[in-house]
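Report on the following structure.
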There are 2 protein chains.
Amino acid sequence: MKELQEVDFQKLDNQLCFPLYAASRLITKCYQPLLKDFELTYPQYLVLMVLWEQDKVPLNYLSEKLYLQSNTLTPLVKRMEEMQLVTRQRSKEDERSVLISLTEKGQSLKCEAKEVPTQLVANFDKMTTEELKLLHQLLYKLIGNFEE
Amino acid sequence: MKELQEVDFQKLDNQLCFPLYAASRLITKCYQPLLKDFELTYPQYLVLMVLWEQDKVPLNYLSEKLYLQSNTLTPLVKRMEEMQLVTRQRSKEDERSVLISLTEKGQSLKCEAKEVPTQLVANFDKMTTEELKLLHQLLYKLIGNFEE
DNA sequence: TACTTTTATATCGTGAACGATATAATCGAA
DNA sequence: TTCGATTATATCGTTCACGATATAAAAGTA
């Protein structure tokens, strides 16, 4: 078995980052037909998932959860506001913060889109439950590596 | 231990796709300071890696290797042409194909950027070699799932 | 050969991502 | 209290990504 030090890292197949990048896009693409029924993009769906767990949060709460900055989230959330999924209001305690809240339409999507994750998992039928769990753990460990 | 069927998939932390998405972006961000020395973006670097292994290939070869379509690759490669990294020429055997070749500048980057991957791996210092190998394998298995 | 189909790129429009920077509110220290 | 530093968003510009569609060449077929 080759040691890590001997591997030619300039080969695409040996990169760790490339399969991450590819897998991420492939799975996002799998979400698309499922989310299309609700006129949602994947990042918009992520914002909803955060809000379904904790409603009425400042933008920087979304930022921390999703690892996205205001330059991405501000326009994204504004589009969701136009779609009547969320509302944005300045916090009275701290005028710098903008509180994002679910509208009724945004809340009702939680039930309506309930089957999306299970429908998605069907795509991983060639991987065992153990493998999926392990992958999940390793990815979170990797992410934790960057939160010093 | 919870069975997969019992997990609440509508919670962000239980999603497999989200850590993939997050990890991919986090690592791409790690590449950026390293690639900045060469004025490269990460997708441009990926194109170079493919060409370093096999030069003068049609666009659809890049497409297959990187899982990117012509609507992404055409403008991306054109920018690389403007940067004098590659040349584009219609194939004489098949006028539909565009052959992408490295310029001298593009070739010389292979040596100049040699240390980029090893510099990047330094960011994974909290993960063992075994874990990284395992992650690599699982990701390729996942990707393989989508190549029916 | 004439036609349909397939294949390889390209174009267009939209929505992320993100570096750099701006703006305004709050905090903190002298 | 005053003013510099920090914090929370927002704006701008560039580069992906990708669905939908267009175009032209090549391949297949009657």
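Hydrogens, waters and symmetry mates are skipped; everything else that's a heavy atom, side chains included, is used. Chain letters run A, B, ... following the sequence lines, proteins first, then strands; residues in each count from 1.
Taking the six-membered ring for Trp and thresholds of 30 and 60 degrees, A:Y21 and B:Y42 have ring planes more than 60 degrees apart, a perpendicular arrangement.
You'll find that the side chain of A:K29 is closest to D:dG19, out of D:dA8, D:dG19, D:dT15. Distances were taken from every side-chain heavy atom of B:T74 (C-beta onward) to each of D:dC16, C:dA8, C:dT11; the shortest belongs to C:dT11. Listed candidates were C:dA16, D:dT9, C:dA8. Nearest to the side chain of A:R90 is D:dT9. Counting only heavy atoms from C-beta on, A:R79 has its side chain closest to C:dA16 among D:dA8, D:dA20, C:dA16. Comparing D:dC16, D:dA20, C:dG15 against the side chain of B:T72 picks out D:dC16 as the nearest. Closest to the side chain of B:L68, out of D:dA20, D:dA17, D:dT15, is D:dA17.
Taking atom CZ of A:R88 as the reference point, atom C1' of D:dA10 lies 9 Å away to the nearest angstrom. Spacing between atom CG of B:L99 and atom P of D:dA25 amounts to 16 Å, rounded to whole angstrom units. For the pair A:E81 CD and D:dT9 C1', the computed distance is 14 Å after rounding to whole Å. In this entry the distance linking CE of A:M83 with C1' of C:dG15 reads 11 Å, nearest Å. Atom-to-atom, CZ of A:R25 to P of D:dG19 comes out at 11 Å; the value is rounded to the nearest Å. Between the CE atom of B:M80 and the C1' atom of D:dT15 there is a distance of 13 Å, given to the nearest Å. The CD-P distance, from A:E39 to C:dT14, rounds to 15 Å in whole Å.
Residue contacts for A:Y61: at a heavy-atom cut-off of 4.0 Å it reaches no nucleic acid atom on any strand shown. Among the heavy atoms of the strands lying under 4.0 Å from A:S97 are primed sugar atoms or P, OP1, OP2 only; no base atom is included.
A continuous path of hydrophobic side-chain contacts links A:L68 to A:V77 [ILVMFWY only; heavy atoms under 4.5 Å].
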Give me the distances for all protein-to-nucleotides 21-26 of chain C N/O pairs that come in under 3.5 Å?
unit_1 : atom_1 : unit_2 : atom_2 : d
C:dT26 : OP1    : A:E95  : N      : 3.1

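Between B:R90 and B:E95, no side-chain nitrogen of the basic residue sits less than 4.0 Å from a carboxylate oxygen of the acidic one, so the salt-bridge criterion is not met.
The residue among A:Q32 and B:S91 whose nearest nucleotide of DNA chain D lies closer to the 5′ end is A:Q32.
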